[in-house]
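I'd like to ask some things about the structure below.
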Amino acid sequence: MMGKRKDAAPCPASVPVPKPEASGQVKAVPRDQENRLPRGRLIVALDALLSKRNVTLAARDLGLQTSALSRLLAQMREEFGDPLFIRSGRGLVPTPFAEALRPRVQMLARGIDALFEPSAERPALDETFDPRWNVPTGIDAPPLQVRPAGLLEGQPSPAQIDAKLERIAPDATAQDRLARHIGVLGIAGGGHGRPLTAEEAEEAMTIILAGEADPVQVGALLGMMRMRGSTAPELAGLVRAMRAHVAAGLGRTIQADIDWPCFTSPNYHNPPWFFHAARLVAQAGHRVLLHGGTGCSTVSGRYEFIAPTVGIPVCTNTREIAAALAAQRIAYAPLAALSPQIYRLIGLHRLTQTRSAVFEAVHLLKPSKAKTSLLGAAKPTYRELHRDAARILGWKHMAVLGSVRDVAQFTPFRPSSIHRLVNGEAEDLILPACMEEPPPTPRPRGTSLEYWQGVWTGAVRDTRAERIIIGTAAFALFALPGATGPAFADALRLAEQLWKARLGQTALAVRIPG
């Protein structure tokens, strides 16, 4: 919440002083009149932000630079003493205060536009028909049909429903408590609703993961969060509940160096070169835990199938994961094994064909106590959203890679953005393209898995794939925390050395014995 509004500092002495009137007194300009011009500018900017819910799009409509509109937004927050907007996965979410301002702001903005519109009394220059054609219809239409207004009598107002939700006690049944959180999203605050707090989101997801939620409630909660757009506190609350649920199933803490979530769409058909990159990092002596899946359909076990083909153990419980990390420094844990409940929540996509907040929260699952976490985010809004949620969760280190898919796989042929947490502080980096993109190597049909394996063994030479693997390994090494971490160029050279020495490493076992 922003601080209280403060008046501006007094004008400096260098500002010209108004001439005294005959009475000898100086006529001061009222402060409200001084602010009229900039306030009109703020009203137009606020109307655009309320309409677009996106700073970049609103700036484009106004003909401003994004940075200029961001400065205007900061002035609005200072003037009104309210954040006005909260960042979410679907753009900016207006606060209840901003929603309450919307009708007046729209009216004022329309009034400004109307002043500069051509007068309706001016004769039209291009008459397309004789005005005498404008006569009323001769058809006798019946009145508008509506249902009797009496059906609305006795219905509670949004404020009354809001008060009813507030009376639900903390020790109420799970369904009642979940109903309260759904109501807060939809009708609290006089009909405008608001995002959930981190604590509310955590309780809601805890109830769902415990199997105590009605199926209608699950759909309502996730659907409303989807429509409004998840905020960082909501995402952090969901992650807390999900991590506690997974930790209870695992039974004890797993120690790792790098947490590498790999939750991708079943429609993602590009070869997962990041698996080879993770192998390089493991061969450098760092413990890497890959975890994820490819949806919840007939292809959800894709990574479970390919991991053993290159010697990465597939682990389904704590003992297997700990043994694999100790012996081979790398393991893959399917989401279906870590949490069947979360896996099934992901599977609701088949019924709704929409990505719920669970899809975003699962990237922050981090089932191990890892030094850093590597994320990929295709949408720019999700990059900062994930990092903001990680800060709320108290994470010290993480790196979100701007990529074309939601997995940390680095492409060295184009500029890349990295949104990091370094000792809890946010840091943004833009890495320029490291090299020109090599021409694609022709690939035979029907041998994608063999081709993918052959790049690692050297049976296939694909310069483009090799560069992606080396670049992704460099990104992982670069993200590792340390007092003096390597520069990206140094990490890239180290990854190059690891790639050249990969075949001299001890072969990895296929699977840890049960």
Side-chain angles (χ1 to χ4, degrees), residues 1-6 32 35-117 157-159 161-162 182-197 200-201 222-235 354-355 357 360 379-385 388-389:
M1 191 71 177
M2 300 293 293
K4 294 182 178 179
R5 174 181 166 182
K6 298 179 180 179
D32 287 344
N35 291 337
R36 290 176 68 187
L37 182 60
R39 282 179 176 174
R41 184 179 175 89
L42 294 183
I43 290 298
V44 174
L46 180 55
D47 178 60
L49 287 169
L50 286 168
S51 174
K52 297 297 183 181
R53 291 179 49 171
N54 182 289
V55 175
T56 302
L57 295 180
R60 187 181 305 162
D61 277 7
L62 295 171
L64 296 174
Q65 294 290 332
T66 302
S67 57
L69 184 55
S70 296
R71 289 192 293 271
L72 288 176
L73 178 56
Q75 293 177 31
M76 295 180 217
R77 287 169 167 164
E78 180 68 23
E79 285 284 335
F80 289 111
D82 186 85
L84 298 178
F85 297 94
I86 301 171
R87 187 163 44 212
S88 80
R90 291 176 62 84
L92 299 177
V93 177
T95 64
F97 177 78
E99 285 285 8
L101 291 179
R102 185 191 294 270
R104 296 171 60 192
V105 169
Q106 289 178 336
M107 180 184 67
L108 291 171
R110 289 196 201 101
I112 293 173
D113 291 339
L115 288 175
F116 297 93
E117 291 178 355
S157 67
I161 297 177
D162 187 22
I182 296 170
V184 163
L185 281 169
I187 58 174
H192 300 294
R194 64 167 173 80
L196 298 178
T197 65
E200 289 169 340
L222 298 181
M224 295 181 74
M225 291 182 71
R226 165 70 180 177
M227 293 301 296
R228 177 178 287 276
S230 303
T231 64
E234 286 177 327
L235 202 59
T354 56
R355 288 169 59 99
E360 310 314 321
K379 293 186 177 181
T381 52
Y382 288 152
R383 298 166 194 170
E384 295 191 12
L385 182 66
D388 290 346

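Note that the coordinates shown come from a computational prediction; the quantities given were computed from them, not determined experimentally.
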message: Taking Pro103's backbone N and O only, do any of them form a donor-acceptor pair with Gln106's side chain (distance below 3.5 Å, no angle check)?
response: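 No; judged by distance alone, with no hydrogens or angles, the pair does not exist.
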
- request: Would you confirm whether Glu99, through its side chain, and Pro94, through its main-chain N or O, come within 3.5 Å as a donor-acceptor pair?
  value: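 No.
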
task: Work out which heavy atom in Leu72 is nearest to a heavy atom in Ala45; give both atom names and the distance.
output: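 Answer, listing the atom of Leu72 first, then Ala45: CD1-CB, 4.0 Å.
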
query: Can you name the nearest heavy-atom pair linking Met76 to Leu84, along with the distance?
result: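 The answer is CB-CD1, 3.5 Å.
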
message: Quick one: does any side-chain atom of Arg194 pair with a main-chain N or O of Thr95 as donor and acceptor, under 3.5 Å?
response: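 Answer holds: no.
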
- prompt: Donor-acceptor pair, Arg77 side chain versus Pro83 backbone, under 3.5 Å?
  reply: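 Yes.
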
Atom pair CD/CZ of Gln75 and Phe80 - distance to nearest 0.5 Å: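 That separation rounds to 11.5 Å.
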
Distance (rounded to the nearest 0.5 Å) between Lys52 NZ and Leu69 CG: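 Output value for this atom pair is 12.5 Å.
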
- request: State the CZ-CG distance between Phe85 and Leu49, to the nearest 0.5 angstrom.
  value: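 Rounded to the nearest 0.5 Å, the CZ-CG separation comes to 5.0 Å.
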
task: Determine the minimum heavy-atom distance between Ala357 and Leu235, stating which atoms define it.
output: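 For Ala357 and Leu235, the tightest heavy-atom pair comes out as O-CD1, 4.0 Å.
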
query: Got a second to check how far Glu200's CD is from Leu185's CG, nearest 0.5 Å?
result: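 Here the rounded value is 8.5 Å.
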
Charged N-O contact under 4.0 Å between Arg226 and Glu360: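 No salt bridge links Arg226 with Glu360.
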
query: Would you say Gln65 has more than 12 foreign heavy atoms packed within less than 6.0 Å of its CD?
result: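 No - once you tally the heavy atoms of other residues, nucleotides and ligands closer than 6.0 Å, there are 12 at most.
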
Expected output: side-chain Ser51 to main-chain Asp47 donor-acceptor under 3.5 Å: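 Not at all, since once roles are kept as given, no pair shorter than 3.5 Å links the two residues.
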
- prompt: For Thr381, does its backbone N or O pair with a side-chain atom of Glu384 as donor and acceptor, under 3.5 Å?
  reply: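 No, because the side chain of Glu384 does not come within donor-acceptor range (under 3.5 Å) of the backbone of Thr381.
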
- request: Considering non-hydrogen atoms only, spot the tightest contact between Asn54 and Leu92 and give its length.
  value: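 The answer is N-CD1, 4.3 Å.
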
Contact summary for Ala109 and Ile43, nearest pair of heavy atoms: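 Closest pair (atom of Ala109, atom of Ile43, distance): N-CG2, 4.4 Å.
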
task: Any chance you could measure Ile182, atom CD1, to Met225, atom CE, to the nearest 0.5 Å?
output: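 Going from CD1 on Ile182 over to CE on Met225, the span is 11.0 Å.
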
query: Roughly how far, to the nearest 0.5 Å, is CG of Leu42 from CD of Glu78?
result: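 One finds 11.5 Å between CD of Glu78 and CG of Leu42.
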
task: Measure across Ile86 and Pro195 and return the closest heavy-atom pair with its distance rounded to 0.1 Å.
output: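 Closest heavy-atom pair between Ile86 and Pro195: CD1-CG, 4.3 Å.
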
